[in-house]
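Everything below concerns the one structure shown next.
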Amino acid sequence: MSGTLKFQEGLRPITTATASGPESHPCVFRRQGLAIAAIEVTEGTAYSITHEQSGRLMAPLTLNGTHALVTAAALLHLPLDWTCSADELRAQMIGLSVEHQSLLVCIRDGRTQFVNMAKAAKA
């Protein structure tokens, strides 16, 4: 699935929820209720994978766009309706299998690692 995902141009901005209130950011990806916001940080551009209905961050910020797309693909792989409200989404998450809940927890906590298999095979 991740092979078919790519950043898009011309999307309407996404509003993310922050501690200081809602913020608007350019949107570079949008599908089935998930969005990736491009956020300017001192190191360059970071990417926030967001539940569009609530603006809640679904994974830690990443400085790598490819990683952001792979994370979005993993989230879209879960049997969840991302277009629903945050409360409805939370109820669906409770009903996930242990395997799917484990994947969600790893994504949310940033405990995922992406390996370039072409380079790994040469090592």
Side-chain angles (χ1 to χ4, degrees):
M1 176 186 227
S2 63
T4 65
L5 302 182
K6 56 187 168 186
F7 281 173
Q8 305 158 20
E9 293 182 20
L11 300 174
R12 73 180 188 282
I14 184 75
T15 300
T16 57
T18 67
S20 58
E23 293 181 1
S24 182
H25 300 283
C27 182
V28 295
F29 173 87
R30 180 176 274 122
R31 184 173 294 180
Q32 299 175 22
L34 282 180
I36 299 178
I39 301 171
E40 294 303 317
V41 293
T42 55
E43 298 88 8
T45 302
Y47 301 96
S48 166
I49 295 90
T50 324
H51 174 235
E52 198 163 7
Q53 282 275 48
S54 64
R56 291 185 182 163
L57 185 68
M58 298 306 298
L61 289 179
T62 177
L63 296 176
N64 183 304
T66 301
H67 290 186
L69 286 170
V70 172
T71 301
L75 288 167
L76 289 169
H77 168 76
L78 294 171
L80 297 169
D81 178 5
W82 294 100
T83 62
C84 65
S85 71
D87 289 338
E88 292 170 322
L89 187 59
R90 194 174 299 111
Q92 290 178 50
M93 289 177 180
I94 291 170
L96 288 175
S97 69
V98 172
E99 179 184 351
H100 285 142
Q101 284 185 5
S102 298
L103 174 60
L104 186 60
V105 168
C106 286
I107 290 170
R108 186 175 47 226
D109 293 347
R111 292 184 287 130
T112 54
Q113 181 177 2
F114 300 101
V115 176
N116 183 329
M117 294 308 291
K119 289 183 180 178
K122 294 177 184 177

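This structure is a prediction, so every number in the text was calculated from the model and none was measured. For this chain, numbers begin at 1 and follow the sequence in order.
Hydrophobic clustering (ILVMFWY, side-chain heavy atoms < 4.5 Å, transitive): Leu76 and Ile36 are in one cluster. Clustering ILVMFWY residues whenever any of their side-chain heavy atoms sit less than 4.5 angstrom apart, transitively, puts Leu11 in a cluster other than the one holding Val28. Neither Leu103 nor Leu57 shares a network with the other; the hydrophobic side chains, linked directly or stepwise wherever heavy atoms of I, L, V, M, F, W or Y lie under 4.5 Å apart, form separate groups for each.
One distance of note links CD of Gln53 with CG of Asp81; it measures 9.0 Å at 0.5 Å rounding. Rounding to the nearest 0.5 angstrom, the gap separating the CZ atom in Arg56 from the CZ atom in Arg90 is 5.0 Å. Rounding to the nearest 0.5 Å places CG of Asn64 at 11.5 Å from OG1 of Thr45.
Taking the side chain as every heavy atom from C-beta outward, Ile107 and Met58 never approach each other to under 4.5 Å. Using a 4.5 Å heavy-atom cutoff, the side chains of Arg30 and Ile14 are in contact. Gln92 places a side-chain heavy atom less than 4.5 Å from the side chain of Cys84. Residues Ile39 and Leu61 meet the side-chain proximity criterion, which asks for heavy atoms closer than 4.5 Å.
Glu23 and Thr15 form no side-chain donor-acceptor contact under 3.5 Å, judged by distance and modelled atom types alone.
Not one N or O on the side chain of His51 forms a donor-acceptor pair closer than 3.5 Å with the backbone of Gly33. Looking only at distances, a side-chain donor or acceptor of Thr50 sits under 3.5 Å from a matching main-chain atom of Ser48. Using modelled atom types, one side-chain atom of Gln101 and one backbone atom of Leu96 make a donor-acceptor pair closer than 3.5 Å.
Taking the six-membered ring where tryptophan is involved, the planes of His100 and His77 are perpendicular, since the angle between them exceeds 60° and thus also 30°.
Scanning all heavy atoms of the two residues, the minimum distance from Leu34 to Glu52 falls at O-OE1, 4.5 Å. Closest approach of Leu75 and Trp82 over heavy atoms only: O-NE1, 3.1 Å. Considering every non-hydrogen atom in both Ser54 and Ala17, the closest pair reads O-CB, 4.2 Å. For the pair Thr16 and Ala37, the tightest heavy-atom approach, listed with the atom from each and the gap, is CG2-CB, 4.2 Å. Considering every non-hydrogen atom in both Leu69 and Phe29, the closest pair reads CD2-CD1, 3.8 Å. The shortest non-hydrogen separation linking Tyr47 to Ala68 is CB-CB, 3.7 Å.
Environment of CD in Glu43: crowded, with over 12 heavy atoms of neighbouring residues, nucleotides or ligands closer than 6.0 Å.
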